[in-house]
Amino acid sequence: MNFPTLNQHQTDLLNAFVAKQKIGAQFVISAPLLSMDVSAFDALANYWLEEGSSESGFSLVGIPFRKVINGVFFIQRVTALRVERDLDE
């Protein structure tokens, strides 16, 4: 799978948002939060689901919220749990 990449602005938004969360806190990451359209966010969320996201300081929990666009389901937001980054990587 060609995993999606975030541009520098989106990476900065995500890092700043995650950094504000306390370890153990649950929070929502959404397409609008990262200035992404729903289909691009869906690809990113699927990558996180398959490959993990703990290197970004969070793990996904729960069931992603999906939105139907033209009969196709896209992940629009996910619930995340703030974890400590693995500094060994």
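In this structure the side chain of F74 never reaches within 4.5 angstrom of the side chain of V68, judged on heavy atoms. Proximity of V78 to F41: side-chain heavy atoms (C-beta onward) are separated by under 4.5 Å at one or more points. Taking 4.5 Å as the limit, some side-chain heavy atom of Q26 sits within range of a side-chain heavy atom of V61. With contacts defined as side-chain heavy-atom distances shorter than 4.5 Å, the pair L60/L81 does not qualify. The closest side-chain heavy-atom distance from I69 to K67 is below 4.5 Å. Looking at M36 and L6, their side chains come closer than 4.5 Å, going by heavy atoms from C-beta outward.
The distance from atom CG of N15 to atom CD of Q8, rounded to the nearest 0.5 Å, is 8.5 Å. Of the inter-residue distances, the one linking T79 atom OG1 with R77 atom CZ reads 8.0 Å to the nearest 0.5 angstrom. Considering CD1 of I29 and CG of L44, their distance stands at 8.5 Å, rounded to 0.5 Å.
Residues Q10 and S35 share a closest heavy-atom pair of NE2-O, 3.4 Å. R82 and A19 get closest at one heavy-atom pair: NH2-CA, 4.2 Å. Heavy atoms only, all atoms of each residue included: V18 and S56 are closest at CG1-O, 3.7 Å. Closest approach of A45 to I75, counting heavy atoms only: CB-CG2, 3.7 Å. Of all non-hydrogen atoms in L13 and L33, the two that sit nearest each other are CD1-O, 3.6 Å.
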- Task: Begin from the C-alpha positions of F65 and V28 and carry the test side chain to side chain contact (heavy atoms under 4.5 Å, CB included) through to its verdict.
- Result: CA-CA 10 Å; F65 177 83; V28 172; over 6 Å; no

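Note: F27 and F17 meet the aromatic proximity criterion, with ring centroids under 6.0 Å apart.
Checking N46 against E50 by side-chain atom types alone, no donor-acceptor pair falls below 3.5 Å.
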